[in-house]
Structure formats: C-alpha cells, structure tokens
Amino acid sequence: IVAATAMSYLARLARQPLLLGYIAAGVAIGPLGLGWIGDFQVIQQLAELGLAFLLFIVGLELDVKKLGQAGRTAVVTTSVQVLGSGALCWATALALGYRGLPAVYVGAALAFSSTMIVVKLLNDRSELDTEPGTITLGVLLLQDVAAIAVLAVQPHLGSAAGVEGAASPWVTIGLSLAKGLGLLLATLGISRFVLPWLFRWAAKSPEIVLLSAVSWCFLVCYGAMQAELSVAMGALLAGASISTFPYTLEVVARIQTLRDFFSTLFFVS
C-alpha cells in the first residue's frame, strides 16, 4: 500500500491513470524489482476481493435492460475481436520465432482482455452507464464464456487423442454452460423469493444489510467458482440480481472504500 501510494503521486504528476502507478509499484517491490515481496500468494488472495467488490458494485449500478439491448452488438463485437486479435497475435508469434502450439497459446492468451482493468477505467471515467460502456461490459462477459471454451479444448491440442482420461471438449463446454445456467436460475430465484423478505427484516440495521449484501456476493462468487466460471461473472450476477432493491445506494456507499482498498492490492499484485 505504501509503494502504491508513492507511485500514485508519480502517476498523478504524469497525468496517467492511477492503476498504472499501482502496477509500477508491484513491479518495483516484487521479484522483478527490489524483491521486497517474495511470497505474494496471500496478497493475490486478498486481491481477488478487489475484483469481487468492483464487479459487485458494477452489478448493483447496472441497468439490466440496457445490457440486454446491447447483447446483439456485443456478440458480433466479441466474435470479431476475439478471432481477429487471436489471429493477429498468432501471426505475430510466428514472426517472433514461435512455432506450433506455443504460437497458438500466445494467440489465444492475448485475444482476451482484463475485465478488472477495463471496468476500473470505465468506472473511474463514469462511462459504465453509457452505451459504449454497456457494450464493452457485454463483450467482457462473453469473453469469459469464450475463455471457458478455450480451456475446455486446450487439453486436446497436444495430440489427436488428447490427454488420457480428459473429457471431450464438447462435453466440458456443455457442462460449463449447464452449470452457468443453473447458477443464473438459482441466483434469480433466491433474489426474487428469498432476499426481499430477508432484507426487509434486516432493514432496521444498516450493518446487517451491508453484511447480508456482501455475504450474497461471496455466496454467488463461490457458486461461480464451483461452476468453473469467473469470480468476476459471479460478483456481477450477484450485484445485478439485487440492483432493484431499495437498499442499493446505501450498500454501494459503504462498499466503495473496501473496493478501492482491495482493488489497489489487485493491481499491485
């Protein structure tokens, strides 16, 4: 945090986004720099909270109807972007001397964006609620789905038969989609029939309302992890499912400080 603070001053002086300062701080004190931080596993685990809180707040402030309207544009954009970026990066890897599977892996890895970085930039500029921001968020979510497909196919790239004992990629993709649909239906069902009653009961205590909202976020994130989906998708779904509740503004106001603190750790890590 001290290193991130120091670098944030330099980023401000250079008129650059603060997250660049946070990343520079991580490079400076990490194994690539001064080596002050050797075991950063704990920091990485804490950093995941930053991702969860950021996407949870985005979900709380999300206009679901607007996101649905942007769905068609997001599908076309994601298809062109992922395939185009993957092909371009694969060709670049070939030009740099990579061959075979290494070139394919480079192309696949560089075809996807960082949800955390993009959402943080859009949020800092207050552009998440704009049409381009909504489409961008839709693209990021669809990229997560595409990444699941890539990870399902990956074990079968090494040989014609794939890794011994590995399930068919189509079976894996189908199971992931089924789990994702199950998580969606369960989240919407609980938020429709259980959470309104629970929040009404807790409404007299702002502290219990906050704890209930954060617990709901963590529960859906855990469900997303069990369904082999991203924490970001789970947190966004958790926030969107209770975005119409009358306690949303109060929850957002209370979580913002936690979001800023843990998201700083995320970029430093």
Side-chain angles (χ1 to χ4, degrees), residues 1 40-65 67-68 114-120 122-123 128-129 137 140-141 144-145 148 176-269:
I1 290 296
F40 49 88
Q41 183 176 0
V42 175
I43 296 177
Q44 286 183 315
Q45 291 174 344
L46 289 174
E48 287 292 320
L49 292 174
L51 178 64
F53 283 134
L54 177 62
L55 271 297
F56 182 54
I57 290 181
V58 169
L60 287 172
E61 298 176 335
L62 186 65
D63 187 334
V64 179
K65 290 183 179 179
L67 182 62
S114 168
T115 301
M116 183 69 165
I117 290 179
V118 178
V119 172
K120 179 76 165 66
L122 290 172
N123 184 71
L128 267 174
D129 198 39
L137 184 60
L140 292 170
L141 294 177
D144 284 343
V145 175
I148 293 172
S176 296
L177 292 176
K179 291 177 182 177
L181 181 60
L183 176 66
L184 175 64
L185 294 176
T187 300
L188 294 178
I190 294 173
S191 67
R192 174 77 180 274
F193 299 107
V194 179
L195 293 184
W197 170 83
L198 186 67
F199 274 90
R200 278 197 302 270
W201 182 83
K204 293 182 180 180
S205 174
E207 188 172 343
I208 296 180
V209 170
L210 174 64
L211 286 172
S212 300
V214 173
S215 295
W216 173 241
C217 172
F218 288 165
L219 284 171
V220 180
C221 284
Y222 179 75
M225 292 171 62
Q226 295 303 307
E228 299 179 356
L229 301 171
S230 66
V231 171
M233 189 175 293
L236 185 71
L237 178 59
S241 66
I242 61 173
S243 61
T244 58
F245 286 18
Y247 323 100
T248 298
L249 292 178
E250 182 179 349
V251 171
V252 169
R254 288 172 171 266
I255 294 180
Q256 279 180 338
T257 303
L258 290 172
R259 175 202 67 187
D260 294 340
F261 178 80
F262 285 108
S263 64
T264 298
L265 283 179
F266 180 91
F267 291 111
V268 174
S269 72

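All figures in this text were calculated on a predicted structure; none of them were measured in a lab.
Formation of a donor-acceptor pair under 3.5 Å by the T248 side chain with backbone atoms of I242 is found in this model. For the pair S205 (side chain) and A202 (backbone), a donor-acceptor distance under 3.5 Å is absent. The backbone N or O of A240 lies less than 3.5 Å from a partner atom in the side chain of S243, making a donor-acceptor pair.
Nearest heavy-atom pair across V209 and Y247 is CG1-CB, 4.0 Å. Nearest heavy-atom pair, F262 versus L46, reported as atom, atom and distance to 0.1 Å: CD2-O, 3.5 Å. Considering every non-hydrogen atom in both S191 and F245, the closest pair reads O-CZ, 3.5 Å. Taking both residues in full, the closest heavy atoms of A52 and A235 are given as O-CB, 3.3 Å, listed atom of the first, atom of the second, then distance. Across all their heavy atoms, S241 and A238 have their closest contact at OG-O, 2.8 Å. Closest non-hydrogen pair, A47 versus S269, comes out as CB-OG, 3.5 Å.
Taking CH2 of W201 as the start and CG of L195 as the end, the distance is 14.0 Å to the nearest 0.5 Å. K120 NZ to L51 CG: the interatomic distance, rounded to the nearest 0.5 Å, is 13.0 Å. Atom OH of residue Y222 and atom CE of residue M225 lie 8.0 Å apart, to the nearest 0.5 angstrom. Distance CG/L236 to CD1/I57: 12.0 Å, rounded to 0.5 Å. In this structure, CG in L54 is found 10.5 Å from CD in Q256, a value given to the nearest 0.5 Å. Within the model, atoms CG of L60 and CG of L55 stand 11.0 Å from one another, a figure rounded to the nearest 0.5 Å.
Side-chain atoms of L49 and F218, non-hydrogen and from C-beta on, do get closer than 4.5 Å to each other. Considering only heavy atoms from C-beta on, I1 comes within 4.5 Å of L265 through its side chain. The side-chain heavy atoms of F53 and S263, taken from C-beta on, include no pair separated by under 4.5 Å. Using a 4.5 Å cut-off on side-chain heavy atoms (C-beta onward), C221 and E48 make no contact. Looking at W216 and I190, their side chains come closer than 4.5 Å, going by heavy atoms from C-beta outward. Counting heavy atoms from C-beta outward, F267 and I117 have side chains that approach closer than 4.5 Å.
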side-chain contact (heavy atoms from CB on, under 4.5 Å) assessment of V268 paired with I43: CA-CA 9 Å; V268 174; I43 296 177; 5.7 Å; no

Can F261 and T257 be said to form a side-chain contact (heavy atoms from CB on, under 4.5 Å), step by step? CA-CA 6 Å; F261 178 80; T257 303; 5.7 Å; no

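The number of heavy atoms from other shown groups lying within 6.0 Å of CG (L249) does not exceed 12.
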